[in-house]
Amino acid sequence: MKKNVRQTLCDALEDLLEQQFKALKGSLPATDEGREVPRGQLERADRQDVVDLMCCYYGEEGAPGVCIRVLEKINARDVAVKLREALWRHLA
């Protein structure tokens, strides 16, 4: 069974250490995608909440790319590669 975008993103965020997850939340408002997720909404968000916010602000089509770029920015390149591969495998 194919995973949907939200589940694939959530799985990727589960691979982050807590410090990396905090860095990801801190970097999301600073993306150049035009719409920024408000810091107040990210402050207490868990992994599923962050996925929901990314999909809300960037759309299910844009959220994976934003997530991959932010993961690379915070030096979680291994998780970015794994996410890219999962998206290719499960959603292509």
Side-chain angles (χ1 to χ4, degrees):
M1 179 168 72
K2 288 187 177 183
K3 290 184 181 180
N4 64 32
V5 171
R6 290 174 187 257
Q7 184 59 52
T8 304
L9 290 170
C10 196
D11 290 348
L13 297 188
E14 290 294 335
D15 288 339
L16 296 174
L17 300 172
E18 195 58 37
Q19 180 179 1
Q20 292 172 312
F21 181 61
K22 286 180 183 178
L24 178 126
K25 291 195 305 182
S27 296
L28 270 178
T31 63
D32 5 329
E33 303 303 315
R35 295 184 72 190
E36 296 180 353
V37 180
R39 287 191 189 277
Q41 290 185 11
L42 289 167
E43 191 172 299
R44 296 191 180 180
D46 63 16
R47 285 160 171 80
Q48 185 62 57
D49 293 335
V50 170
V51 168
D52 292 342
L53 287 166
M54 285 193 298
C55 289
C56 177
Y57 280 85
Y58 309 121
E60 287 196 12
E61 301 81 23
V66 170
C67 190
I68 289 169
R69 285 190 293 283
V70 172
L71 288 168
E72 290 170 343
K73 180 180 176 180
I74 65 166
N75 294 320
R77 289 182 180 86
D78 56 331
V79 179
V81 168
K82 188 175 174 182
L83 173 57
R84 190 176 284 119
E85 290 170 354
L87 290 165
W88 178 258
R89 186 172 54 253
H90 295 294
L91 304 174

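Atom set for the values below is all heavy atoms of this structure, side chains included, hydrogens, waters and symmetry mates excluded. Bear in mind the structure is a predicted one, so any value in this text is a computation, not a measurement.
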query: In Å, rounded to the nearest 0.5 Å, how long is the span from CG of L71 to CG of D15?
result: 10.0 Å
- prompt: Taking atom CD of Q19 and atom CG of L24, what is their separation to the nearest 0.5 Å?
  reply: 13.0 Å
message: Tell me the closest heavy-atom pair linking V66 and Y58, and the distance in Å.
response: CG1-CE1, 3.7 Å
field: Pair E18-K25, salt bridge (Lys or Arg N to Asp or Glu O under 4.0 Å): steps then yes or no
entry: CA-CA 11 Å; E18 195 58 37; K25 291 195 305 182; 5.8 Å; no
query: Atom CZ in R47, atom CG in D11: separation rounded to 0.5 Å?
result: 12.0 Å
- prompt: How many angstroms lie between CD in E43 and NZ in K22, if you round to the nearest 0.5 Å?
  reply: 11.0 Å
statement: Correct closest heavy-atom pair for L83 and C67 would be CD2-SG, 3.9 Å
task: Using a strict cut-off of less than 4.0 Å between a Lys/Arg side-chain nitrogen and an Asp/Glu carboxylate oxygen, indicate whether R84 and E72 qualify as a salt bridge.
output: yes
- line: Separation between CG (D78) and CG (L16), nearest 0.5 Å, reads 8.5 Å
- prompt: Looking only at heavy atoms, which two atoms of P64 and L9 are closest? And how far apart?
  reply: CA-CD2, 3.9 Å
message: With side chain to side chain contact (heavy atoms under 4.5 Å, CB included) as the criterion, how do L28 and L53 come out once you've worked through the C-alpha distance, each side chain's angles and the decisive distance to 0.1 Å?
response: CA-CA 10 Å; L28 270 178; L53 287 166; over 6 Å; no
- prompt: So how far is it from R6 CZ to D52 CG, rounded to the nearest 0.5 Å?
  reply: 5.0 Å
- request: Taking Q41 for its side chain and P38 for its backbone only, find out whether a donor-acceptor pair lies under 3.5 Å.
  value: no
task: State, with a plain yes or no, whether a side-chain heavy atom of F21 is found less than 4.5 Å away from one of V50.
output: yes
query: For the residue pair D49 and D46, what are the closest heavy atoms and their distance?
result: N-OD1, 2.8 Å
Over all atoms of both residues, closest heavy-atom pair of C10 and Q48: SG-OE1, 3.4 Å
